[in-house]
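Beneath this line is the structure, given in structure tokens, with notes to follow.
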Amino acid sequence: MKRKILLGMAGALISLAAPAVAKPAMYPVATARVDFDATLTRQKDGSWVLDYRFRRKAPAWFFLRSFPKLDGTSWRLDSWTVETPGVKLERQGNYDVLAAGKGMLQRVRIRIRPYGQSLKADYTPYLLFSDGGVAVYDAHYGLVPLKAAADAAALPSDLNDLKIENPRGTLAIANPGGTLLYKGMTTPGQARGDFEGAGAYAYSGPARPIETAAFAGILDPGLPAWIRTELNDFTPRLFALYRDRLGPNASGRPMALVAWGGADMPGQSYGGSVLEGTVVMRISGTKTADSSPAGLSRLRWFIGHESAHFWMGQTVSYERRADAWITEGTADVLAIRALQQLVPGYDARGELQREVDDCIKNNGPGLPLSGASARGDMRTNYACGATLLLAAEAAARKRDPNADAFTWIRGLIDANRADGKVNQADWLAAFAAVSDPALTAKVRDYLDKGVDDPAAFLASLFETTGVAFTRKDGRLILA
Ligand SMILES: [Zn+2]
């Protein structure tokens with residue numbers, strides 16, 4: 001989302017007269033070739049109907065974004081019904097594929113029951129609000145043509161190296177008789193998008209957008225009062241700290257979509273993600289219904305982690321999924337360090353200990369950290385990214401007693417603001433600047449090849465950089 005839109009959002013969010021149609025109609029597109037047109041229409045009964053019209057001849061198309069549900073199976077196969085006779089929706093390797101029984105695909109109609117749970121490494125397809133509102137993520141409908149459906153089975157989960165182009169199609173999202181809040185603007189009836197950029201949520205529902213000093217957006221009316229209070233009061237303090245220590249973020253004042261999933265399920269569930277100026281949160285569970293010290297701490301950590309992504313993740317973003325350890329590890333440590341400053345009595349040591357323990361447990365002998373995303377091992381990105389950052393923080397403090405994680409991360413962000421990307425080489429360069437070439441080479445090996453004894457490697461890394469710890473029964477105990 002562009003800064004311009006965000007700054008103008010206060011009015012645009014609630015104004016039907018906003019320049020929603022300022023963008024020329026996308027169809028037909030004059031410059032780029034369009035392979036397909038998609039229309040996603042909200043139905044009165046809560047389902048959605050997806051219509052494709054293909055302009056390019058192909059017997060099969062695969063969904064570029066096909067990350068599965070948390071249990072590893074396809075959310076599309078779970079919640080989509082193809083209504084066009086002869087057309088199949090199937091899973092081929094890492095991808096969902098639409099395939100013609102014979103000949104070429106021309107028009108396809110699919111009925112969708114909105115899937116509102118988290119995916120393994122992608123945005124929740126439908127964010128369901130307790131008052132009937134729903135936000136749909138637009139990028140899940142982009143297709144790429146194939147010569148044969150089975151060809152998708154050979155494709156790796158990370159396509160970055162294959163340089164596959166963005167889907168060349170248009171998408172219309174329709175909410176007949178209602179409005180849509182999409183890319184910072186409220187539009188009546190229908191909004192148009194494409195498959196360029198990172199994608200965005202389109203909200204339709206009865207809730208009115210609200211504004212706070214830190215964000216504007218939709219807060220589910222069903223959210224427990226204490227969560228609303230925290231979002232309203234704690235978030236501005238947190239953003240002030242991040243801005244002070246990390247400089248401006250690329251999004252200005254972000255948009256928040258916060259859905260309440262109810263208190264029926266046991267425990268507490270916080271799901272979140274950040275994309276182009278928007279933070280999306282899903283909160284549910286019995287334990288979240290009422291405020292408790294543990295719940296408050298968990299919620300604040302969650303807000304801290306997701307908000308940190310507006311700097312590490314948005315202001316600079318990774319180039320390859322293999323580098324997700326940089327953004328997730330940073331968001332974890334920034335949240336912990338921020339809470340340490342903002343919340344009296346917060347147990348930062350306990351949180352950091354959990355990261356070190358999980359890193360050693362998950363990223364075992366011979367496993368390269370940069371392979372964690374491809375292995376589907378997301379927890380490792382958070383835990384080991386945070387553990388490496390602890391070492392960088394300590395190394396920075398050796399040089400400058402006033403330095404902390406914010407100081408080092410700000411240096412990493414500032415060095416990469418120009419191109420907006422941060423990769424492994426950038427991280428290692430910033431690490432080398434506060435340590436030395438030999439140690440940097442060891443960290444590179446840990447990232448690229450893995451090490452025989454991860455606990456011994458981290459112990460020696462901590463010793464050299466100055467992270468205070470003791471060893472006990474093979475565990476590294478932070479001091
Ligand atoms: Zn994150």
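Whatever order the structure lists ligands and atoms in, that order sets their numbers, starting from 1. Residues take their numbers from the sequence shown, with the count starting at 1.
Between the side chains of D220 and S130, at least one donor N or O sits under 3.5 Å from an acceptor N or O. Side-chain N/O atoms of D138 and Y182 include a donor and acceptor closer than 3.5 Å.
Panel detail: the Zn ion (ligand 1) has protein N, O or S atoms under 2.8 Å away, 3 in number.
Between P454 and V451 there is a side-chain heavy-atom pair separated by less than 4.5 Å.
For K287, the NZ atom sits in a loose shell: 12 or fewer heavy atoms of surrounding residues, nucleotides or ligands are nearer than 6.0 Å.
Here ring pair (Phe, Tyr, Trp, His ring centres under 6.0 Å) pairs that include residues 333-360, with residues two or more places apart or in two chains, number zero.
A salt bridge links D414 to R417: at least one charged side-chain nitrogen sits closer than 4.0 Å to a carboxylate oxygen.
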